[in-house]
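This report refers to the structure that appears directly beneath it.
Chain identifiers are assigned alphabetically (A, B, ...) following the order of the sequence lines, protein sequences preceding nucleic acid strands; residue numbering begins at 1 within each chain.
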Number of protein chains: 2
Amino acid sequence: MIRGALASLLSLEPDIEVVGEAATGDEAVAVAAVTRPDVALLDIEMPGKDGITAAGEICREVPECHVMILTTFARPGYLRRAMEAGASAFLVKDSPARELAAAIRRVLSGERVIDPGLAAAALSAGPNPLSPREREVLSAAVDGSTINDIAARLHLSEGTVRNYLSSAIQKTSARNRIEAVQKAQDQGWL
Amino acid sequence: MIRGALASLLSLEPDIEVVGEAATGDEAVAVAAVTRPDVALLDIEMPGKDGITAAGEICREVPECHVMILTTFARPGYLRRAMEAGASAFLVKDSPARELAAAIRRVLSGERVIDPGLAAAALSAGPNPLSPREREVLSAAVDGSTINDIAARLHLSEGTVRNYLSSAIQKTSARNRIEAVQKAQDQGWL
DNA sequence: CGGCCCGCCTGACAAATGTCATCGCGAAGC
DNA sequence: GCTTCGCGATGACATTTGTCAGGCGGGCCG
């Protein structure tokens, strides 16, 4: 519904034409490859491939396309990863709707559009401190799995999983895995 | 942004006029009390007062107003509580945008609009099995607090908190508090 | 009025989780 | 070729968490 509503609204702008829509990340990449638009506007949380990896693929396969990220959550790590993937803009959904068309025009003219406060937060927070393995284990813990489940799923020993969780807990300065998961998600580290 | 976009879109319909917008639950109640609209369209997850209690208050204070809930999550418990609060419609955001105006017209003509599949799920799932105390404790556990934190915050003994959590875990047929919290939230029981 | 029942609270035990010290192994540097 | 360094893995210990078997105390029926 949201996507459709924004598309309708953007179509009303005289200088903007909506050439395609997609519900998933993979679909977005496929549609962009065919329609070769000037701008691709992506959400991050989507079924299937997430918006950031989709952004990377679109940048690679359709180099003339400016990729913009529009997301609900202003997480520093999201911004960082979006930029590394080659995005030209990073907008959060709580800015007024009028801004969207304006941002698209600015991106088309070659500018990069980023909320200054969020940029500062992303830089001051520093890069993701979690090692790949720690991220993997922490991600496997989000759904409330027990240590044994995680160990089985990742083909690790029980104790190993504990250590990774423990170090993730310390790096996030949390008191247990639940807080660690939440803080990591807040930062966009997963 | 979403609210603004939907408002713009609805304003384009010849027979619909948007008379007010609000960012929080309390604001929504206040605006409705002043503008006395035919229809109030509410989200559930909002800062401040949540949409369901706001719906109840609007129904009480502005009886001629039809309250509609538009939410991201199709949770049975949400639907149940919305209906108990007096809502006339329950829509999820993944239906197409065109449906929204149609649903508003149907509500105005006195119909109640509910997704049939969701209604079935809400009825077959039965009512919320958690006692008030269990809900309270489980809600206090969502942010990863330790048992001691919860006990202190709720002025209970440590062991008591454990028992409530334990029984909540069994009632949700989960394996630990994390799964219990997730399942309860899925059902809209918190 | 008395007993019964049920929701709420407390204490002891078992299992899981979190912490620490240590080891193995491959990559980077000399 | 060797050393050094750091990530990944393992095992033993303290703490937290989950389970269970009871204790009040207030409402409902006989």
>> If you assign Gln170(A) and Glu158(A) each to the DNA chain C nucleotide with the nearest heavy atom, which residue ends up on the more 5' nucleotide?
In response: Glu158(A)

> Does Gly159(A) or Ser157(B) map to a spot on DNA chain C nearer the 5' end, using the closest nucleotide for each?
Replying inline: Ser157(B)

Check the distance between [N]'s [atom2] and [X]'s [atom1] and give it to me in whole angstrom.
{"X": "Leu165(B)", "N": "dT16(D)", "atom1": "CG", "atom2": "C1'", "answer": "12 Å"}
{"X": "Asn176(A)", "N": "dT17(D)", "atom1": "CG", "atom2": "P", "answer": "7 Å"}
{"X": "Arg162(B)", "N": "dT16(D)", "atom1": "CZ", "atom2": "C1'", "answer": "7 Å"}
{"X": "Leu130(B)", "N": "dG7(C)", "atom1": "CG", "atom2": "P", "answer": "13 Å"}
{"X": "Arg135(A)", "N": "dG8(D)", "atom1": "CZ", "atom2": "C1'", "answer": "16 Å"}
{"X": "Glu179(A)", "N": "dT16(D)", "atom1": "CD", "atom2": "P", "answer": "14 Å"}
{"X": "Arg175(B)", "N": "dT19(D)", "atom1": "CZ", "atom2": "P", "answer": "12 Å"}
{"X": "Ile147(B)", "N": "dG18(C)", "atom1": "CD1", "atom2": "P", "answer": "13 Å"}

Contact under 4.0 Å: [X] side-chain N or O vs [N] OP1/OP2:
{"X": "Ser166(A)", "N": "dT19(C)", "answer": "yes"}
{"X": "Ser131(A)", "N": "dG8(D)", "answer": "yes"}
{"X": "Arg177(A)", "N": "dG18(C)", "answer": "yes"}
{"X": "Tyr164(A)", "N": "dA9(D)", "answer": "yes"}

> For the side chain of Arg133(A) and the base of dG8(D), is some donor closer than 3.5 Å to an acceptor across the two?
Replying inline: no

> Counting only heavy atoms not in Arg175(B), do more than 12 sit closer than 6.0 Å to its CZ atom?
Replying inline: yes

>> Within a 6.0 Å radius of atom CZ on Arg98(A), are there more than 12 heavy atoms belonging to other residues, nucleotides or ligands?
In response: no

> Quick one: do Glu57(A) and Arg60(A) make a salt bridge, cutoff under 4.0 Å?
Replying inline: no

> Closest heavy-atom contact between Glu64(B) and Arg36(B)?
Replying inline: OE2-NE, 3.3 Å

>> Heavy atoms only, 4.0 Å cut-off, all strands: where does Asn148(A) land among base, sugar-phosphate and nothing?
In response: nothing

> Can you tell me how far the CG atom of Leu91(A) sits from the CD atom of Glu99(A), to the nearest 0.5 Å?
Replying inline: 8.0 Å

